[in-house]
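Note sheet for the following structure.
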There are 2 protein chains.
Amino acid sequence: MQEILKNQIDKIVPLTDAEFQVVLSYFSIGKYKKHQYILQQGNSVPYVHFVVKGLLRSFYLDKSGKSHILQFAMEDWWITDNQGFYNEQNATLNIDCLEDAQTYYISLENRTKLCSELLPKIEFFFLQKMTAGSIALQNRVLSLMSKNSEERYTQFIQLYPNLIQRLSKTLVASYLGISRETLSRLSP
Amino acid sequence: MQEILKNQIDKIVPLTDAEFQVVLSYFSIGKYKKHQYILQQGNSVPYVHFVVKGLLRSFYLDKSGKSHILQFAMEDWWITDNQGFYNEQNATLNIDCLEDAQTYYISLENRTKLCSELLPKIEFFFLQKMTAGSIALQNRVLSLMSKNSEERYTQFIQLYPNLIQRLSKTLVASYLGISRETLSRLSP
DNA sequence: TAAAACAAGTGACATAGATCACATTAAGGT
DNA sequence: ACCTTAATGTGATCTATGTCACTTGTTTTA
């Protein structure tokens, strides 16, 4: 179970088993049920979660009550409300479980300690992860600006073939920024 | 002139003058004219630029020939094609100057050296910058999904009151993902 | 195993925003 | 100062997508 996190880190900064045990000691384990909220708009954002098992999403509820999915997170992905977490502000996002889930989570304080005092090279790992996340978001912005619904849907299927099998069309539509009716009229 | 970069770094990790001179020695100075390209789609992406003076933009040209602005960068901002730069791939973006400009630029190799060998704490600076950039992109995604043209325009004015004075409506429209005619029909 | 809640398809209609086409005015380059 | 090129506004359409409404089938769950 720990292997999944160790493997991810090892791809970027190889750690000894002892080092990894130090890393892990800064995380806690959380178990959640389908439909359970991990974070609600307005609350503080104490943790980033690394998903060990299950499927979660982060989403924004606009003033008219429509929800817009910012991110999905399945095994081996990270999820939080970045703005809330890193700036220590209240959440503008909600996070809930689309399937029963288990995560390793860490506080900002522990993350900082881990990076600066104990294992500086883990900071490089987080920098790489943040960079990759930022690149993905850039592509998403360009996709929203330059592609129509069908092109965005096709791109999503290509990008996340494993994820899509676990999602309803309604969820995919809410991620792509289109209505479920429009998505329904696209697919073969 | 160097002060602008030193001040930015100091806000996150205070440096001695000597340390800052080391940092600076890893950068080069570039001067560019209005309309000049700094990066073209398909080329390699050798540098990140810190803007000392002037105004640049990065944009994506879609297959139908329409351009979509991903980012503006004026004094004190950073700009590059992240995907190309960090993954050492060819650029999918173009960068050109909207005004005569001057930048400090650094290669990936030098950036890595600087972080890992010479001044580890500068890595923390880059991590903070990347985090802030990522948060801005998240908000942009949510804005594109949940707001209409007028709301996005209003938000842009609030967010970048100084930048907007230096931009034509056509450029703002291309950043917001709407046509210049629509933007023209919005403003008072 | 019945009832309730969810997922998905589809018709009819509404609409934000795109596109095309000009006109006017303002900058820049030589 | 003159000519070219850019910037802006505005009318007249067109269209992709949203919204509303209803149906049917499929999971949940009590």
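Everything numeric in this text was worked out from a predicted model, so none of it was measured.
Judged by closest nucleotide on DNA chain C, B/Lys147 is the one of B/Lys34 and B/Lys147 placed further toward the 5' end. Annotation: of the two residues near DNA chain D, A/Gly177 and B/Leu171, the 5′-most nearest-nucleotide partner is B/Leu171.
A/Lys66 has a side-chain polar atom (N or O) that falls below the 4.0 Å cut-off from OP1 or OP2 of D/dT19. OP1 or OP2 of C/dG9 lies within a sub-4.0 Å distance of a side-chain N or O belonging to A/Ser184. Within the 4.0 Å cut-off from OP1 or OP2 of C/dT19, not a single side-chain nitrogen or oxygen of B/Ser179 is found. For the OP1/OP2 pair of C/dC6 and a distance below 4.0 Å, the side-chain nitrogens and oxygens of A/Lys169 include no atom meeting the criterion. Look at A/Thr170 and you won't find any side-chain N or O under 4.0 angstrom from OP1 or OP2 of C/dA7.
Going from atom CD1 of B/Ile178 over to atom P of C/dA18 covers 7 Å, rounded to whole Å. Rounded to a whole Å, the NE2 atom of B/His35 is 9 Å from the P atom of C/dG28. Whole-Å rounding puts the A/Glu151 CD to D/dT17 P distance at 9 Å. Rounded to an integer number of Å, the gap from CG of B/Asp62 to P of C/dA18 is 13 Å. Rounded to whole angstrom, the span from the CG atom of A/Leu183 across to the C1' atom of D/dT17 amounts to 12 Å. Look at CG on A/Leu98: it is 13 Å from P on D/dT28, rounded to the nearest Å. Going from atom CZ of A/Arg152 over to atom P of D/dA16 covers 14 Å, rounded to whole Å. As a whole-Å value, the separation of A/Glu181 CD from C/dA7 P is 14 Å.
Under the 4.5 Å side-chain heavy-atom criterion for grouping Ile, Leu, Val, Met, Phe, Trp and Tyr, A/Ile95 is not connected to B/Val141 through any hydrophobic cluster.
A cation-pi arrangement is present between A/Arg140 and A/Tyr175, with the terminal nitrogen or guanidinium carbon under 6.0 Å from the aromatic centre and inside a 45° cone about the axis.
For B/Tyr86 and B/Arg111, the side-chain atoms include at least one donor-acceptor pair closer than 3.5 Å.
At a cut-off of 3.5 angstrom, the base of D/dG18 holds no donor-acceptor pair with the side chain of A/Arg185. Within 3.5 Å, no donor on the side chain of A/Arg180 pairs with an acceptor on the base of D/dT17, nor the reverse.
Ion pairing between a basic and an acidic side chain is recognised when a charged N comes within 4.0 Å of a carboxylate O; B/Glu99 and B/Lys53 show no such pairing. Between A/Lys63 and B/Glu151 there is a salt bridge, since a side-chain N of the basic residue sits under 4.0 Å from a carboxylate O of the acidic one.
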